[in-house]
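Before any comments, here is the structure.
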There are 2 protein chains.
Amino acid sequence: MSKNKDVLGEEQSGPLMADVAKLAGVAISTVSRALANPGRVNEKTRQKIDAAAKQLGYTPNAMARGLRVGKSNIIMIVLPGSLYYGASQVIPQVLQSINKSLIQGGYNLMIANLDRDEASERHILDLAFGGTVRGAIILSSKLPEVDGRSLASAGLPIVSMLLDMSEVGLPSVVTNDREAIREATNDLLGLGHRRFLYLAGPQENYHDVERFAGVIEALRAAGLPESAVVRSGGLLDYQQGFNIGLAAADDFAALGDKPTAVIATSDDMAISFMSRIQSMGLKIPEDLSIVSFDGSPVCAFCSPPLSTIEQPMEEMGQTAVALLLSAIDRTDEPRQLRNVIRSRLIVRESMATPKV
Amino acid sequence: MSKNKDVLGEEQSGPLMADVAKLAGVAISTVSRALANPGRVNEKTRQKIDAAAKQLGYTPNAMARGLRVGKSNIIMIVLPGSLYYGASQVIPQVLQSINKSLIQGGYNLMIANLDRDEASERHILDLAFGGTVRGAIILSSKLPEVDGRSLASAGLPIVSMLLDMSEVGLPSVVTNDREAIREATNDLLGLGHRRFLYLAGPQENYHDVERFAGVIEALRAAGLPESAVVRSGGLLDYQQGFNIGLAAADDFAALGDKPTAVIATSDDMAISFMSRIQSMGLKIPEDLSIVSFDGSPVCAFCSPPLSTIEQPMEEMGQTAVALLLSAIDRTDEPRQLRNVIRSRLIVRESMATPKV
DNA sequence: CGATTCATAGCAAACGTTTGCCAAAAACCG
DNA sequence: CGGTTTTTGGCAAACGTTTGCTATGAATCG
């Protein structure tokens, strides 16, 4: 029974299932079944129980249930510690979309930051192995692994988002980065551009590899050599987008044979690049065309409005959740590992025919 | 014992405390104490147990512990469903800061979206009354309340952030909105401005009230009438910031006696306003000065770079967590209810002396 | 009408910890 | 060296559910 002893300092614990049972005049197990298994109990008894529960303001204890059934209803999202700042709204969008989908499925979302330190890895592993979470969606390239325990071997369903990890067996939801940027490059080629500046993210990064490959593919197809594109950046993290853009503008200024079009791998880079370039007296798009990646809403209000490749975060989030839940339910439909959601180039005024 | 029966289809559950106990040759209760209460057990036994635990890769089950001790280690953050999009990084910053502080205190962060529908309220209440969460940080103005149950009466420590709810008894962490914007207005007055346009958020909103009051206070102190400021907007949510800015630009164009300075209550508004104003042929800051609120990093790269009031989210998050944890620990230091973290105006080139 | 099924409800044993209480052993003291 | 305190370890009872099994009564059928 509810042990509200009215003793000051005692933690109050709300009404228990036993209280509901007593009030409804049935056994505790019947209450349990009435609340969870609507079919298993007589409609009349069920109504009596529902009424009693409502009257008492009964809410079942999630941990007790979790312990008993051996499952939690919490999903964790593993975010790299540094994914924040800039202009992009990817993270909030992802969180919102995922949370919404999860809740519809009866799950809750827990945030876990994966930094470079061992403590954060250990923490995530504790969450996984300690039964706190039921599954994970990761936006990080490496899986936590520390003294013997690895997230991969925790027996949890895992889905990777944004990064393609299908090669290590993880269901992944990604966009067609490569293709999207290839088409953007094609558009620039079509406008007459022949020399490009590419603002790179971290060298080894999946996205950077994919995106640069997209540029190269477009150049090849147009019969241009790889030397038609100059790389700038490649050392700093995407979090440093603004700084990458600034540095790239300086690189540009120092360049002999000037490119006429810039392909930036994030909106942050593009925005700060434009800002500095314009303060050097160059005009966009007259002197220089520019296109970037991320689809930040603010791009529409840059001067000039910035062409950017928009990633459908809403849809990606939904897909990731769908994959995860189907893995949880062992709905062993042979889901494909690599799920591609198409990105979309939003064309704005930052692209034009080159001057010369 | 670990019941890995090697039966296909059985959920694997990792090693149990009983397994560790057996391996170490002690009782299960000793293991529990060794792991949690380092003092209560002989150092030698403790080492033996630690070794056994590590060898087995043992991780204690969080739900079992939670059930037993009657407490969870999860904190939920209640976000209004619409706080996303735009240019501001407040939400990600808040999440990161809060999560970091929480983890240091041994807690985890769960996300809860509070929309306008009853379902989301019910969901949050279930989390609270079902014992899933131990406390809440809310960024929303109303507390969920549905058929009898109210978040306020869930017996959970709650801290409000960004919105001052100290008047209803909730410890709150806020910035000095009013003062900050008063000073910004003062700066504009000092530059010689005498007519202002104010871009408002939703009318009844706490922030809008505070911020507008700040403007008025500054005007009064300078001996100007309230009519020196024209309001625009006031109907749409902050989420609609870009649209508010656009509409305000049109309002401005239609105005007879033109203001020379604009005070925007979010960066989004300011950015889209500037964009449209400039496309009308007006120069900023020559024809029109502008200052806004939020401290979005991207403001530094607008043209011209935008003056904005930066809210110290990192510090606010830390403070909110500190308040919450001290409430949980019943460290009944009579913490003050209203905690103000000072915002800071970042002056950039969008402010200048008026032309005439 | 007796035998067999079916629907419904109850008992009690889990789930994996923590912790109050007691016993044994060790340490200390006069 | 006996008695007293202190340390250490173990037993078993919680925590609040779910669920397999069983018992009861009602319903069905031959």
Side-chain angles (χ1 to χ4, degrees), chain A residues 1-5 10-49 52-53 56 58-73 126 129-132 134, chain B residues 1-5 10-49 52-53 56 58-73 126 129-132 134:
Chain A
M1 309 294 133
S2 171
K3 48 145 196 205
N4 283 341
K5 305 176 184 172
E10 276 297 308
E11 288 289 340
Q12 62 159 342
S13 75
L16 266 36
M17 203 172 252
D19 298 306
V20 179
K22 187 192 264 181
L23 180 58
V26 298
I28 190 174
S29 55
T30 308
V31 177
S32 173
R33 281 190 271 259
L35 265 35
N37 254 23
R40 189 76 174 64
V41 76
N42 191 322
E43 175 59 17
K44 220 165 172 181
T45 340
R46 204 189 56 74
Q47 287 189 1
K48 211 166 42 179
I49 291 175
L56 293 175
Y58 170 73
T59 309
N61 182 298
M63 289 195 296
R65 160 180 297 172
L67 175 59
R68 175 61 230 243
V69 305
K71 302 163 175 4
S72 123
N73 67 141
D126 285 348
F129 282 89
T132 302
R134 186 77 185 287
Chain B
M1 307 295 137
S2 170
K3 46 146 198 199
N4 284 341
K5 304 178 185 172
E10 276 295 309
E11 289 287 339
Q12 61 158 343
S13 75
L16 266 36
M17 204 173 252
D19 297 306
V20 178
K22 185 191 265 183
L23 181 57
V26 297
I28 191 173
S29 55
T30 309
V31 176
S32 174
R33 279 190 273 258
L35 265 35
N37 253 23
R40 186 74 174 65
V41 76
N42 191 323
E43 175 59 17
K44 221 164 170 182
T45 343
R46 202 189 58 72
Q47 287 189 0
K48 212 166 42 181
I49 292 175
L56 293 175
Y58 170 72
T59 308
N61 182 297
M63 288 194 297
R65 160 180 298 173
L67 175 58
R68 175 61 231 246
V69 304
K71 302 163 176 2
S72 121
N73 64 10
D126 285 348
F129 283 88
T132 302
R134 185 76 185 287

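Taking the side chain of Arg68(A) as heavy atoms from C-beta on, and the options dG10(C), dT17(D), dG16(C), the nearest nucleotide is dT17(D). Candidate nucleotides dT8(C), dG10(D), dT17(D) were compared by shortest atom distance to the side chain of Ala27(B), and dG10(D) ranks first. When distances run from any side-chain atom of Arg33(B) to the nucleotides dT8(D), dG20(D), dG10(D), the shortest one goes to dG10(D). Nearest to the side chain of Val69(B), among dA9(C), dG10(D), dT19(C), sits dT19(C).
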Taking distance alone, no hydrogens or angles, what donor-acceptor pairs closer than 3.5 Å link side-chain atoms of residues 24-35 of chain B to residues at least two apart or in another chain?
none

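Partners of Leu56(B) under the side-chain contact (heavy atoms from CB on, under 4.5 Å) rule, at least two apart in sequence or in another chain, are Pro15(B), Asp19(B), Val20(B), Leu23(B). Here Asp126(A) pairs with Arg149(A) under the side chain to side chain donor-acceptor pair (under 3.5 Å) rule; sequence neighbours left out. For Arg46(B), the salt bridge (charged side-chain N to carboxylate O under 4.0 Å, His left out) partners at least two apart in sequence or on another chain are Glu43(B), Asp50(B).
Look at Arg65(A) and you'll find a side-chain N or O under 4.0 angstrom from OP1 or OP2 of dT18(D). The shortest distance between the side-chain N/O atoms of Ser32(A) and the OP1/OP2 oxygens of dT18(D) is below 4.0 Å. The phosphate of dT17(C) has OP1 or OP2 within less than 4.0 Å of a side-chain N or O from Tyr58(B).
Taking the nucleotide of DNA chain C with the nearest heavy atom to each of Ala64(B) and Thr30(B), the more 5' of the two is matched to Ala64(B). Nearest-nucleotide positions on DNA chain D for Val41(B) and Met17(A) put Val41(B) closer to the 5' end.
If you take CG on Leu16(B) and NZ on Lys22(B), they are separated by 11.5 Å, rounding to the nearest 0.5 Å. Note: Leu67(B) CG to Arg65(A) CZ = 13.0 Å, rounded to the nearest 0.5 Å. Residue Met63(A) holds its CE atom at 10.0 Å from NZ of Lys71(B), rounded to the nearest 0.5 Å. Between the CE atom of Met17(B) and the OG1 atom of Thr59(B) there is a distance of 11.0 Å, given to the nearest 0.5 Å.
One can place NZ of Lys48(A) at 11 Å from C1' of dA9(C), the figure rounded to the nearest angstrom. We find that CG of Asn42(A) is positioned 18 Å from P of dC6(C), with the value rounded to whole Å. We find that CE of Met63(B) is positioned 23 Å from P of dA14(D), with the value rounded to whole Å. One interatomic measurement links the two molecules: CZ of Phe129(A) to P of dG16(C), which rounds to 16 Å at whole-angstrom precision. Between Asn61(B) atom CG and dC15(D) atom C1' there is a gap of 13 Å when expressed in whole angstrom units. Here the C1' atom of nucleotide dG9(D) and the CD1 atom of Ile49(B) are 10 Å apart, to the nearest Å. Per the geometry, CD1 belonging to Ile28(B) stands 21 Å off P belonging to dT8(D), to the nearest Å. Summarising the geometry, the separation between CD on Glu43(A) and P on dA7(C) is reported as 16 Å, rounded to the nearest angstrom.
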Please produce a list of atom pairs where a protein N or O lies less than 3.5 Å from an N or O of nucleotides 22-27 of chain D.
none

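Donor-acceptor pairing under 3.5 Å, judged by distance alone, is absent between the side chain of Ser29(B) and the base of dG9(D).
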